[in-house]
Amino acid sequence: MINGVRLVQHLQDLSQIGRNEKTGGINRFSFTPEEKQAIELVTTYMEQAGMNVTIDAVGNLIGTYGEGNETIMLGSHIDTVPEGGKYDGALGVLAAIEVVHSMHEQQLLPSKKIQVVAFKDEEGTRFGFGLLGSSAMAGLLTEEQLQHSDEAGISIEEAMKDFDLSPYPLVKVQRNDIKAYLEMHIEQGKVLENEDLPVGVVTGIAAPLWLEVTVTGVSEHAGATPMPIRQDALTAASEMILAIEQLLNNTTDSVATLVS
């Protein structure tokens, strides 16, 4: 069994980095002093668990336990959304470290190499472009995508250089030895709570698509324009929203959020 007390303490300690004292939310964005402090703390946890710790060319933090040509990877991320919670991402990383730590204490050697990863910039809060580290590891990240900039005009590539990272060529980050990947994550909805279930097994992953739609109407006299010839943009947008809601209420695997 793992050491639950230690895991809870690690979660609590990590949650203090980037914490907003007024709201209790956590702001730990990529390539910031707060993230650097979190990386140093998680590195310490990995080393205490008997792992050899490295950081790849795009900033993925990786702890390795055991040897072999095939890898079982566990993990998640430690960056946050604005005012994020202490379990989102962090639970997946710290729980994985705790598994390895308990194995190390009990002198259990795995038949395959185990790696715990904290993926770089998974949330995409700062640059509006997420999944940075995991995309690079999968061989999907492009040089063009590294030109995404934050509100100050600093690109991902520039931020990487400030963190002493040298991402090029990106192919050196790609991995082909990972035979299995497991990530523990909190549920961010209410399905388990509503069903009174302690745990769920993921069968699919949300693939978000962002669309910006502009509905253009015609300004007419509010009293003198008959209803059949009005072109009210708000009315049209409302009908579109209701149509989307009706469409998705008839599905079980898709959702939509609409904002104005």
Side-chain angles (χ1 to χ4, degrees), residues 1-56 59-66 71-110 113-123 125-126 133-134 163 180-190 192-193 196-202:
M1 296 296 292
I2 65 168
N3 186 329
V5 174
R6 180 170 56 203
L7 174 57
V8 170
Q9 187 61 56
H10 285 178
L11 284 163
Q12 181 62 24
D13 291 345
L14 181 58
S15 73
Q16 301 308 301
I17 301 176
R19 185 175 184 269
N20 184 331
E21 295 297 333
K22 292 183 179 180
T23 66
I26 302 169
N27 297 284
R28 198 165 54 231
F29 309 142
S30 294
F31 305 104
T32 62
E34 292 80 13
E35 190 208 28
K36 184 176 182 180
Q37 186 180 352
I39 290 171
E40 291 172 351
L41 180 61
V42 174
T43 296
T44 299
Y45 293 158
M46 288 179 170
E47 291 173 342
Q48 291 173 346
M51 288 184 272
N52 178 43
V53 183
T54 57
I55 296 178
D56 70 14
N60 290 318
L61 177 64
I62 303 170
T64 302
Y65 184 70
T71 301
I72 297 174
M73 183 168 281
L74 314 171
S76 190
H77 61 94
I78 57 174
D79 63 311
T80 72
V81 297
E83 300 297 319
K86 70 178 181 180
Y87 298 110
D88 183 10
L91 177 62
V93 175
L94 298 183
I97 292 173
E98 179 54 40
V99 168
V100 174
H101 200 155
S102 295
M103 291 178 64
H104 180 61
E105 288 179 330
Q106 298 169 40
Q107 299 182 341
L108 299 175
L109 294 178
K113 178 171 59 180
I114 295 178
Q115 287 190 327
V116 176
V117 61
F119 287 116
K120 190 70 171 183
D121 199 6
E122 193 75 0
E123 295 289 8
T125 300
R126 179 177 173 184
S134 54
F163 260 54
Y181 174 76
L182 179 64
E183 175 170 348
M184 185 179 182
H185 204 285
I186 61 166
E187 186 192 21
Q188 294 170 294
K190 299 179 180 178
L192 296 181
E193 180 181 350
D196 194 25
L197 295 172
V199 67
V201 178
V202 175

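Numbering of residues begins at 1 and proceeds along the displayed sequence.
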side-chain contact (heavy atoms from CB on, under 4.5 Å) evaluation trace for M51 with Y45: CA-CA 9 Å; M51 288 184 272; Y45 293 158; over 6 Å; no
Least distance between heavy atoms, T80 atom then I26 atom: OG1-O, 3.1 Å
F31 and F163 aromatic ring geometry - parallel, tilted or perpendicular at 30°/60° bounds: perpendicular
H101/N3 under side-chain contact (heavy atoms from CB on, under 4.5 Å): CA gap, chis, key distance, verdict: CA-CA 9 Å; H101 200 155; N3 186 329; over 6 Å; no
Spacing of CD1 belonging to I17 relative to CD1 belonging to I39, to within rounding of 0.5 Å: 10.0 Å
Distance, nearest 0.5 Å, that separates NZ of K86 from CD1 of I186: 11.0 Å
Shortest non-hydrogen contact from E35 toward K120: OE1-NZ, 2.8 Å
Expected output: side-chain E187 to main-chain G200 donor-acceptor under 3.5 Å: no
Listed partners of H185 passing side-chain contact (heavy atoms from CB on, under 4.5 Å), at least two apart: S76, H77, D88, E183, Q188
Any donor-acceptor N/O pair, R126 side chain to S30 backbone, under 3.5 Å: yes
Closest non-hydrogen atom pair, M73 against F119: SD-CZ, 4.3 Å
Shortest non-hydrogen contact from M184 toward A95: SD-CB, 3.8 Å
Distance, nearest 0.5 Å, that separates CD1 of I97 from OG of S102: 12.0 Å
Residue list, side-chain hydrogen bond (donor to acceptor under 3.5 Å, both in side chains) with E34, at least two apart or on another chain: T32
Minimum heavy-atom distance between S15 and R28, given as atom pair plus value: CA-NH1, 4.4 Å
E83 backbone acceptor or donor facing N27 side chain under 3.5 Å: yes
Check: E123 main-chain N/O paired with D79 side-chain donor or acceptor under 3.5 Å: yes
Spacing of R19 atom CZ and L14 atom CG [to the nearest 0.5 Å]: 13.0 Å
Distance, nearest 0.5 Å, that separates CD1 of I114 from CG of L108: 9.5 Å
L94 vs L7, side-chain contact (heavy atoms from CB on, under 4.5 Å): CA-CA, chis, key distance, verdict: CA-CA 7 Å; L94 298 183; L7 174 57; 3.9 Å; yes
Side-chain touch L61/V93, heavy atoms, less than 4.5 angstrom: no
Residue pairs, two or more places apart or on separate chains, that pass salt bridge (Lys or Arg N to Asp or Glu O under 4.0 Å) and touch residues 2-11: R6-E98, R6-E105
Check against side-chain contact (heavy atoms from CB on, under 4.5 Å), I78 and L41: CA-CA 11 Å; I78 57 174; L41 180 61; over 6 Å; no
Closest approach of Y65 to P110 (non-hydrogen atoms, all atoms of both residues): CE2-CD, 3.6 Å
